[in-house]
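This is a predicted model, so every value here is computed, not measured.
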Amino acid sequence: MGKLLSRALIGAAVFAYGIFTVVFYTLSALSKGTYFKRPTENEKLDLQLARDRLWNLSKDFEGLSHHILTLQSGFKFHFVSNDIPNTPETINSDKPLVIFIHGFPDSWAIWRRIIGNPALQEAVSLVAIDLPGYGGTERLEKYNATNVLEKLTELIVTLRTQYGVDLGNESNKKRTIIVAHDWGCVLSMRLAAEAPSLAHRFILSNGPSMKLVESNVRRLLFSANKMLGNAWRSPLHARVPLMQALRTLTPLAYQIVLSGYIFAMQLPKPIVYYFMSGGNWSLLKRIHLASYRKEKYTHLDVADSMANTMGPSAAESVTKTPSGDAYPANVNEGVFAHLLHMAAYYRDRAATASWVKSIETVASLHGISSGKRLASSGSVLFDEGPPGTLKASTTIFWGKEDIALDPRICLDGMGDYLVQGSQVVLLPRTGHWPQLERESGATLTKAIEWAAQGEEGDIGAVLAESYPGLQINFSR
């Protein structure tokens with residue numbers, strides 16, 4: 001009975017705060033005069049052209065071609081690449097494989113400033129994917145951890161085969177690097193913890209390890225509870241411990257404020273749809289404009305940002321790749337379904353639920369693992385460190401001016417979750433989207449080049465050339 005009451009109270013609190021968030025964002029858009037602002041004909045044309053530019057399967061985008069990969073399970077992923085997968089030229093080349101995984105509310109196109117770099121295209125095989133339910137990739141019925149991570153792992157294993165990573169012996173295997181942001185970072189941290197043999201290095205930016213978040217929340221609540229206990233036992237001297245308890249809980253309270261949109265995602269589906277699309281997409285436009293921060297942007301940049309989120313329209317959905325592949329049938333289910341699929345990652349606990357690996361996944365991971373392979377990825381003993389420890393070498397970039405994540409909750413203690421060869425790099429002049437800002441984007445590119453070339457030299461010195469003043473917060 002007590003558990004049921006507790007769950008009911010928590011559910012009511014989540015619902016109430018979610019409704020408050022929706023109302024707050026609506027009033028904010030109304031006060032700024034953007035809620036009833038309709039798009040001009042030029043803006044509509046810009047968006048149409050942007051969607052054609054990013055999603056027309058028959059056209060290349062800055063040296064990148066579109067591909068639809070059907071996995072052995074039958075699931076279809078969309079991605080762009082500078083090299084054609086599963087061809088003798090690609091399989092036999094010595095170019096490392098770099099896989100990019102986006103976050104919310106984006107797609108492969110959030111990486112466009114990095115993967116369009118001609119020098120990087122020359123040096124590595126770039127693959128920028130759409131996660132299930134995003135962009136041009138097939139939709140899932142449920143976005144729980146098992147469904148999402150199973151499909152993502154199967155994709156990466158298949159890409160390793162089609163780009164020739166696992167040919168030859170251990171000494172001449174191509175390096176594989178996974179680069180991820182936001183939700184892609186959350187999922188990649190789980191891969192680094194639970195399937196570390198998938199890549200030689202993970203390069204992750206501005207996304208939390210949920211195990212670390214849970215640990216930090218428990219630590220703050222425990223400390224605050226002790227202080228409140230002291231105040232209860234000594235009412236005459238309660239002021240000091242009460243103030244200490246409030247200061248201790250400040251990071252948690254601030255993160256809850258920043259995470260209001262997550263509570264809104266738990267509301268009934270029509271309200272979630274209204275929250276994400278209401279006022280002529282005012283919320284998503286606000287997010288995209290915030291991603292540019294101090295960077296100069298044009299009306300074409302704004303159109304590209306919205307096209308990045310909205311995916312292919314009906315016009316692009318009928319296009320085909322040069323090899324004759326088309327988007328999965330359920331990609332064009334409509335805007336309502338598209339937005340709810342993206343929101344379902346929050347609703348279905350993709351970040352926190354247990355991952356029950358299938359026999360096929362276990363066999364695939366075993367097939368690309370060996371003692372030598374695991375050592376090269378930074379893995380030592382699988383039972384070392386707290387739950388959620390990343391068992392592959394990882395470089396974490398953190399824009400210190402992040403508008404969505406408080407580092408006191410999401411980053412404090414990260415060193416305890418990293419293995420040999422890992423770093424935490426703080427970017428003092430960068431926000432939540434390092435890949436879109438020129439200075440931090442150049443730094444991410446440098447890190448990818450460093451990893452692809454065998455990680456020679458001190459990474460701090462390598463990155464400082466493009467980002468003076470960056471801080472290596474942790475290095476092992």
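Checked against the 6.0 Å centroid criterion, the rings of H66 and W55 do not qualify as a close aromatic pair. The six-membered or imidazole ring of Y273 lies away from that of F275, with a centre-to-centre distance of 6.0 Å or more.
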Exercise. Under the side-chain contact (heavy atoms from CB on, under 4.5 Å) rule, what do K174 and S125 come out as? Steps first, then yes or no, please.
Key: CA-CA 11 Å; K174 297 180 186 179; S125 292; 5.7 Å; no
Self-check item: L405 vs H432, side-chain contact (heavy atoms from CB on, under 4.5 Å): CA-CA, chis, key distance, verdict
Solution: CA-CA 8 Å; L405 301 169; H432 183 71; 4.1 Å; yes
Exercise. Just do the salt bridge (charged side-chain N to carboxylate O under 4.0 Å, His left out) check on E455 and R201 with the steps written out, would you?
Key: CA-CA 10 Å; E455 305 183 3; R201 176 166 294 275; 2.6 Å; yes
Practice problem: Report the C-alpha separation of Y417 and S215 in whole Å, then their side-chain angles, then the decisive distance to 0.1 Å, and conclude whether the side-chain contact (heavy atoms from CB on, under 4.5 Å) test is met. | Solution: CA-CA 11 Å; Y417 289 75; S215 176; 3.5 Å; yes
Quiz prompt | Worked verdict on I448 versus V179 for side-chain contact (heavy atoms from CB on, under 4.5 Å) | solution = CA-CA 8 Å; I448 294 167; V179 184; 4.0 Å; yes
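A pairwise comparison of heavy atoms in L258 and A404 identifies CB-O, 3.6 Å as the closest pair. Here the closest non-hydrogen pair linking M189 and L390 is O-CD2, 3.2 Å. Taking all atoms of both residues into account, the shortest heavy-atom contact from G431 to R293 is N-NE, 3.3 Å. In terms of heavy atoms, A303 sits closest to L47 at O-CD1, 3.9 Å. Closest heavy-atom contact between Y467 and L427: OH-C, 3.4 Å. In this structure, M414 and S209 approach most closely via the heavy-atom pair CE-CB, 4.4 Å.
Within 6.0 Å of NZ on K357 lie more than 12 heavy atoms contributed by other residues, nucleotides or ligands. Counting non-hydrogen atoms of neighbouring residues, nucleotides and ligands closer than 6.0 angstrom, the OH atom of Y297 reaches no more than 12 such neighbours. A 6.0 Å sphere centred on OH of Y254 holds no more than 12 heavy atoms belonging to other residues, nucleotides or ligands.
No side-chain N or O of T176 forms a donor-acceptor pair with one of Y163 less than 3.5 Å apart. Side-chain atoms of T158 and T161 include no donor-acceptor pair closer than 3.5 Å. For the residue pair T90/D83, the side-chain donor-acceptor check at 3.5 Å is not satisfied. For the residue pair H181 and N206, no side-chain donor N or O sits within less than 3.5 Å of a side-chain acceptor on the partner. Counting only N and O atoms by type, the side chains of S364 and H366 include no donor and acceptor under 3.5 Å apart. Of the N and O atoms on the side chains of T319 and E316, not one donor lies less than 3.5 Å from an acceptor on the other residue. No hydrogens or angles considered: nothing links the side chains of S393 and S422 as a donor-acceptor pair under 3.5 Å. H341 and Y134 share no side-chain donor-acceptor pair at under 3.5 Å. Residues W355 and E150 have side chains that bring a donor and an acceptor to within less than 3.5 angstrom of each other. For the residue pair S107 and N308, a side-chain donor N or O sits within less than 3.5 Å of a side-chain acceptor on the partner.
No donor-acceptor pair under 3.5 Å is formed between the side chain of S188 and the backbone N or O of L191. In this structure a side-chain-to-backbone donor-acceptor pair under 3.5 Å is missing from W450 to T445. Counting only distance, with no hydrogens or angles, the side chain of N82 and the backbone of V127 share no donor-acceptor pair below 3.5 Å. In this structure, D301 contributes its side chain and T298 its backbone to a donor-acceptor pair below 3.5 Å. With hydrogens and angles ignored, the 3.5 Å screen pairs no side-chain donor or acceptor of H338 with any backbone N or O of V331. Listed for the D182 side chain is a donor-acceptor partner under 3.5 Å among the backbone atoms of F104. Under a 3.5 Å cut-off, the side chain of H67 and the backbone N or O of F79 do not form any donor-acceptor pair. For T309 (side chain) and M306 (main-chain N/O), no donor-acceptor pair under 3.5 Å exists by modelled atom type. Remark: the backbone N or O of D406 is paired with a side-chain donor or acceptor of Q255 at under 3.5 angstrom. Checking side-chain atoms of S81 against main-chain N and O of I84 turns up no donor-acceptor pair under 3.5 Å.
A 4.5 Å side-chain heavy-atom check between H78 and P328 finds every atom pair outside the cut-off. Residues I115 and Q121 have side chains not in contact (no heavy-atom distance under 4.5 Å, counting atoms from C-beta outward). Counting heavy atoms from C-beta on, the side chains of F77 and E138 never come closer than 4.5 Å.
No option in I129, V80, L131, I101 other than V80 meets the side-chain contact (heavy atoms from CB on, under 4.5 Å) test with W108.
Between E437 and R113, none of the side-chain N atoms (NZ, or NE/NH1/NH2) sits under 4.0 Å from a carboxylate O, so this pair counts as no salt bridge. Between K59 and D52 a salt bridge is recorded (basic side-chain N to carboxylate O distance below 4.0 Å). For K320 and D325, the salt-bridge test fails: no basic side-chain N is under 4.0 Å from an acidic carboxylate O. Salt-bridge annotation for E62 and R112: absent, with no side-chain N of the basic residue lying under 4.0 Å from a carboxylate O of the acidic one. Salt-bridge check for R53 with D304: passed, with a basic side-chain N closer than 4.0 Å to an acidic carboxylate O. Salt bridge annotation for E401-R429: absent, with no cationic side-chain nitrogen under 4.0 angstrom from a carboxylate oxygen.
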